[in-house]
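Order of the sequence lines sets the chain letters (A, B, ...), proteins ahead of strands, with each chain counted from 1. Values below: every heavy atom of this structure, side chains too, minus hydrogens, waters and symmetry copies. Remember, it's a predicted structure, so these values are computed and weren't measured experimentally.
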Protein chains: 2
Amino acid sequence: MPKMTPDRLDHIFSALADPTRRAILARLALGTTSVSELAEPFQMSGPAVTKHLKVLERAGLIIRGREAQFRPCTLDAAPLKEATDWLERYRRFWEESFDRLEEYLQEVQTNGEKDVRGSSRDK
Amino acid sequence: MPKMTPDRLDHIFSALADPTRRAILARLALGTTSVSELAEPFQMSGPAVTKHLKVLERAGLIIRGREAQFRPCTLDAAPLKEATDWLERYRRFWEESFDRLEEYLQEVQTNGEKDVRGSSRDK
DNA sequence: AAGTTAAATAACCGAATGGTTCAATGCCAA
DNA sequence: TTGGCATTGAACCATTCGGTTATTTAACTT
């Protein structure tokens with residue numbers, strides 16, 4: 001019931017789980033820029049963008065600077081390498097997945113449905 | 001202003017953002033198994049595991065079957081390919097990151113008076 | 001000194017998460 | 001048929017998330 005120490009991957013993956021944040025990263029791939037320029041494509045208040053930036057910062061995906069009244073954001077893609085490194089361990093599964101899954105689904109479809117939720121009546 | 005249609009990547013990345021679910025995937029990499037065997041390593045109630053499985057299912061990462069009173073889970077790693085495909089677009093950034101980031105941090109720490117507005121375009 | 005602009009904070013809100021317990025369902029076995 | 005096991009469902013709870021508006025801080029501009 002206490003919370004476990006959040007893994008770095010938790011922060012990285014959950015930062016990537018939001019389309020706004022992925023779009024921000026895409027913009028930052030074009031170069032360092034200010035918060036208001038980052039906010040511009042979204043119809044969203046400034047503070048909302050600030051919060052997204054905090055999430056990205058917590059994940060280590062951006063580095064913030066200070067220049068006059070601006071707080072420029074710079075992409076730091078290093079954590080994305082951690083994410084891919086984790087995903088790499090599963091590569092063989094999606095490469096083999098045709099065989100394995102087809103085999104499994106074949107077996108299941110002979111006597112079952114793909115339905116899972118909903119009230120399951122006896123058959 | 002309400003919620004935008006959730007991207008597939010949203011579901012995939014947020015499924016991966018939890019250590020319990022990553023552990024479940026790791027176990028499933030060893031082969032199809034039942035819910036209670038999946039639950040065994042965790043100090044967590046059954047329904048909690050069921051909820052995690054629903055999240056994984058929503059992300060398309062597992063396929064559920066029926067076998068007597070068991071509901072076996074099988075890994076489907078295909079969505080992980082989508083995730084890596086997305087991440088691949090940033091590979092060059094973490095490969096170059098030494099140069100770019102060092103350069104940036106150097107620049108910021110020595111003299112913080114470079115213009116950041118419209119860094120990649122003329123204003 | 002006053003005003004403008006960039007951004008962050010604070011306080012708030014509704015919805016989603018991650019967990020719980022207790023009850024129901026489906027399936028097998030004695 | 002009765003009982004037990006595997007699993008899900010329902011209701012509940014605390015926390016987090018993603019957004020809002022209003023206020024505040026900081027730096028430039030006039």
Asks: Given atom CE of B/Met44 and atom P of D/dT7, what is their separation to the nearest angstrom?
Replies: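 Value for this atom pair: 16 Å.
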Asks: What integer distance in Å separates B/Leu53:CG from C/dG19:C1'?
Replies: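 Whole-Å distance recorded here is 15 Å.
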Asks: Is any side-chain nitrogen or oxygen of B/Ser34 closer than 4.0 Å to OP1 or OP2 of D/dA6?
Replies: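 So the side-chain polar atoms of B/Ser34 never come under 4.0 Å of the phosphate oxygens OP1 or OP2 of D/dA6.
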Asks: Nearest-Å distance, CZ (A/Arg64) to P (C/dA7)?
Replies: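 Answer to the nearest Å: 8 Å.
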Asks: For the pair A/Arg64 (side chain) and A/Lys54 (backbone), establish whether a donor and an acceptor sit closer than 3.5 Å, ignoring hydrogens and angles.
Replies: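 No, A/Arg64 side chain to A/Lys54 backbone: no donor-acceptor pair under 3.5 Å.
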Asks: Nearest to the A/Arg58 side chain among D/dC17, D/dT21, C/dG26, which nucleotide is it?
Replies: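 Side chain of A/Arg58 sits closest to D/dC17.
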Asks: Could you please name the option among C/dA6, D/dA10, D/dT20 that lies closest to any side-chain atom of A/Phe70?
Replies: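 Looking only at heavy atoms from C-beta outward on A/Phe70, the closest nucleotide is C/dA6.
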Asks: Nearest to the side chain of A/Ala68 - C/dT20, D/dA27, D/dG18?
Replies: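 Side chain of A/Ala68 sits closest to D/dA27.
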Asks: What nucleotide among D/dT21, C/dT21, C/dC27 has an atom nearest to a side-chain atom of A/Ser45?
Replies: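 Of the candidates, D/dT21 comes closest.
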Asks: Report the nucleotide, chosen from D/dT20, D/dG18, D/dA10, that has the shortest atom-to-atom distance to any side-chain atom of A/Arg21.
Replies: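 Of the options given, the side chain of A/Arg21 lies nearest D/dG18.
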Asks: Looking only at side-chain atoms of B/Arg66, point me to the closest of D/dT8, C/dC27, C/dT21.
Replies: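 Taking heavy atoms from C-beta onward, the closest nucleotide is C/dC27.
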Asks: Give the rounded distance in Å between these two atoms: CD of B/Glu37 and P of D/dA6.
Replies: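 Going from CD in B/Glu37 over to P in D/dA6 covers 11 Å.
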Asks: Figure out the CZ/P separation between B/Arg71 and C/dT25, and round it to whole Å.
Replies: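 That distance rounds to 15 Å.
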Asks: B/Leu38 and B/Arg27: which non-hydrogen atoms are nearest, and at how many Å?
Replies: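 Closest heavy-atom pair between B/Leu38 and B/Arg27: CD2-CG, 3.5 Å.
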Asks: Judged by atom type as modelled, is there a donor-acceptor pair below 3.5 Å linking the side chain of B/Arg21 to the main-chain atoms of B/Ala15?
Replies: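 The answer is yes, because a donor-acceptor pair under 3.5 Å joins these two groups.
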Asks: Could you state the atom-to-atom distance from CD1 of B/Ile24 to C1' of C/dG18 in whole Å?
Replies: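 Taking CD1 of B/Ile24 and C1' of C/dG18, I get 12 Å after rounding.
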Asks: Specify the separation, in whole Å, of atom NZ of B/Lys51 and atom C1' of D/dA11.
Replies: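 Spelled out: NZ on B/Lys51 to C1' on D/dA11 is 9 Å.
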Asks: Counting N and O atoms only, with roles assigned by atom type, does the side chain of B/Tyr90 sit under 3.5 Å from a partner on the main chain of A/Ala26, one being a donor and the other an acceptor?
Replies: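 Yes, the answer is positive, given that a donor and an acceptor are paired below the 3.5 Å cut-off.
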Asks: For the side chain of A/Thr50, counting heavy atoms from C-beta on, which of C/dA8, D/dG18, C/dG26 is nearest?
Replies: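 Among C/dA8, D/dG18, C/dG26, the one nearest the side chain of A/Thr50 is C/dA8.
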Asks: Does B/Arg22 use its side chain to pair, donor to acceptor, with the backbone of B/Leu16 at less than 3.5 Å?
Replies: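 Yes, because the side chain of B/Arg22 sits within donor-acceptor range (under 3.5 Å) of the backbone of B/Leu16.
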Asks: Does B/Ser36 have a side-chain nitrogen or oxygen under 4.0 Å from the phosphate oxygens OP1 or OP2 of D/dT7?
Replies: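 Yes, such a contact exists.
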Asks: Roughly how many Å is it from CG in A/Leu56 to P in C/dA8, rounded to a whole number?
Replies: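 Answer to the nearest Å: 12 Å.
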Asks: Start at the 5' end of DNA chain C and walk down; is the nucleotide closest to A/Lys54 or to B/Gly46 reached first?
Replies: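 Nearest-nucleotide comparison on DNA chain C picks A/Lys54.
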